[in-house]
**Q** 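What follows is a structure written as structure tokens; I'll ask about it next.
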There are 2 protein chains.
Amino acid sequence: MDATDARILLALAAQPRATVVALAEQLGLSRNTVQARVARMEQGGALGSFERRIAPNALGHPLTAFVTARVDQRRLAEVSGALADIAEVVEVFGLSGETDLLVRVVAADAEDLYRIAGRILAVPGIERTTTALAMRELVPHRLTPLLRRAAAR
Amino acid sequence: MDATDARILLALAAQPRATVVALAEQLGLSRNTVQARVARMEQGGALGSFERRIAPNALGHPLTAFVTARVDQRRLAEVSGALADIAEVVEVFGLSGETDLLVRVVAADAEDLYRIAGRILAVPGIERTTTALAMRELVPHRLTPLLRRAAAR
DNA sequence: TCTTCCGTTGAGCATTCTGCTCATGCTCCG
DNA sequence: CGGAGCATGAGCAGAATGCTCAACGGAAGA
């Protein structure tokens with residue numbers, strides 16, 4: 001990924017529906033170049049799945065919560081699998097430090113969240129959990145600043 | 001968002017580059033319908049920004065860390081602004097419970113992370129922080145299970 | 001310095017998609 | 001019953017896509 005790629009991504013971030021042709025003339029590149037680079041980025045995994053763009057909100061799950069957990073390390077694989085079986089579990093990280101797991105969860109409402117938290121706690125191998133509700137998205141997910149820096153070079 | 005929308009999103013998740021025509025015939029819907037629904041979803045904010053699809057990894061930031069922080073609540077707006085000024089800060093949530101803030105950070109390497117953590121701690125209004133490195137992505141971000149459920153209806 | 005390799009570019013071409021409009025039919029609801 | 005809202009099929013002009021080719025230039029390496 002070089003600066004040109006970053007510039008393409010920036011333009012794409014501004015207008016997701018932009019066609020290759022539009023990007024090309026906007027960036028002063030040839031259509032072929034843009035096409036090749038976009039293809040390369042998709043191939044090379046620089047672009048994650050489309051799912052990331054879907055707002056859980058729109059699926060009727062306006063609540064986000066983070067569950068931190070301590071786990072019996074030896075049963076990590078098992079725990080991980082069990083968590084993956086819960087639909088509302090959107091993302092799980094293995095962490096360094098005090099807590100072993102960070103589980104990102106979405107829920108339809110408070111009661112739903114309660115149910116899900118319970119289900120997580122019930123997973124064999126999970127020892128302790130703490131649930132924190134995301135009350136506000138102070139900085140919504142973004143990569144533009146980093147992209148800008150990469151594009152500057 | 002009804003079941004049909006969910007089905008469209010599922011198909012789109014499987015093949016992000018799929019054209020409207022392809023989706024239509026794959027789902028047994030008319031081209032017009034799919035076009036209208038996709039447009040409606042983009043309009044209605046069901047689809048987040050394109051940035052979400054970009055892997056920080058590809059931008060030279062393979063490390064992810066979560067910084068939790070306690071804040072002087074009265075200076076929350078100020079803190080939020082200062083965090084937004086840090087390019088490596090990818091996402092910030094205001095939480096309920098013990099810790100007030102969850103800051104998602106990406107970094108180029110360990111040293112970079114150290115520097116960023118320091119910068120966060122230096123933000124006026126932030127009282128205490130804990131940094132946890134994401135060592136593994138046990139469940140990569142996904143929404144498919146929820147989508148499937150929504151599509152089933 | 002010369003050569004090779006790689007990415008960019010412009011061109012061209014057939015095929016396909018898009019954006020838009022219109023009329024029709026269906027279902028839900030007042 | 002009448003209307004609103006949505007899905008559908010058709011049609012059309014313009015644009016984009018996918019692909020290939022040849023030429024060019026710069027950078028790395030012999």
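Owing to the predicted nature of the structure, the values given are computational and were not obtained by experimental measurement. Chain letters run A, B, ... following the sequence lines, proteins first, then strands; residues in each count from 1.
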**Q** Pull out every protein N or O sitting under 3.5 Å from an N or O of nucleotides 3-9 of chain D, one pair per line with the distance.
**A**
{"residue": "D:dA7", "atom": "OP1", "partner": "B:Arg37", "partner atom": "NE", "Å": "2.7"}
{"residue": "D:dA7", "atom": "OP1", "partner": "B:Arg37", "partner atom": "NH2", "Å": "2.1"}
{"residue": "D:dT8", "atom": "OP2", "partner": "B:Ser30", "partner atom": "N", "Å": "3.2"}
{"residue": "D:dT8", "atom": "OP2", "partner": "B:Thr33", "partner atom": "OG1", "Å": "2.3"}
{"residue": "D:dG9", "atom": "O6", "partner": "B:Asn32", "partner atom": "ND2", "Å": "2.5"}

**Q** Quantified as the angle between the terminal helix axes (five pairs each), what is the overall bend of the helix from C:dT1-D:dA30 to C:dG30-D:dC1 to 10 degrees?
**A** 50°

**Q** Only pairs under 3.5 Å count here: list side-chain donor-acceptor contacts from residues 113-136 of chain B, not counting sequence neighbours, and write none if there are none.
**A**
{"residue": "B:Arg115", "atom": "NE", "partner": "B:Asp112", "partner atom": "OD1", "Å": "3.3"}
{"residue": "B:Arg115", "atom": "NH2", "partner": "B:Glu88", "partner atom": "OE2", "Å": "3.1"}
{"residue": "B:Arg115", "atom": "NH2", "partner": "B:Asp112", "partner atom": "OD1", "Å": "2.6"}

**Q** May I ask you to list the residues sharing a hydrophobic cluster with B:Val38, side-chain cutoff 4.5 Å, ordered by chain and number?
**A** A:Phe50, A:Ile54, A:Leu59, A:Val90, A:Val106, B:Met1, B:Ile8, B:Leu9, B:Leu10, B:Leu12, B:Val20, B:Leu23, B:Leu27, B:Leu29, B:Val34, B:Met41, B:Leu47, B:Leu143, B:Leu146, B:Leu147

**Q** For A:Val89, does its backbone N or O pair with a side-chain atom of B:Arg142 as donor and acceptor, under 3.5 Å?
**A** yes

**Q** Residues sharing B:Phe93's hydrophobic cluster, by side-chain heavy-atom contacts under 4.5 Å among ILVMFWY, directly or via others?
**A** A:Phe66, A:Phe93, A:Leu95, A:Leu102, B:Phe66, B:Leu95, B:Leu102

**Q** Side chain of A:Arg7, backbone of A:Ala151: donor and acceptor closer than 3.5 Å?
**A** yes

**Q** Once you round it to whole Å, what is the distance between C1' of C:dT8 and CD of A:Glu25?
**A** 18 Å

**Q** Can any side-chain N or O of B:Arg148 pair as donor or acceptor with the backbone N or O of A:Ala87 at less than 3.5 Å?
**A** no

**Q** Could you walk me through whether B:Asp2 and B:Arg37 satisfy the side-chain contact (heavy atoms from CB on, under 4.5 Å) test, starting with their C-alpha distance in whole Å, then the side-chain angles of each, then the deciding distance to 0.1 Å, before giving a yes or no?
**A** CA-CA 10 Å; B:Asp2 61 2; B:Arg37 281 173 177 269; 2.8 Å; yes

**Q** Got a donor-acceptor contact below 3.5 angstrom from the A:Arg104 side chain to the B:His141 backbone?
**A**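 Not a single qualifying donor-acceptor pair exists.
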
**Q** Taking the side chain from A:Arg53 and the backbone from B:Gly48, do they hold a donor-acceptor pair closer than 3.5 Å?
**A** yes

**Q** How far apart are the C-alpha atoms of A:Leu138 and B:Leu83, what are their side-chain angles, what is the distance that settles it, and do they pass the side-chain contact (heavy atoms from CB on, under 4.5 Å) test?
**A** CA-CA 9 Å; A:Leu138 293 171; B:Leu83 288 176; over 6 Å; no

**Q** Of the residues in residues 11-21 of chain A, which ones touch DNA chain D at a heavy-atom distance under 4.0 Å?
**A** A:Thr19, A:Val20, A:Val21

**Q** Tell me whether the OP1 or OP2 atom of D:dG18 has a side-chain N or O from A:Gln35 closer than 4.0 Å.
**A** yes

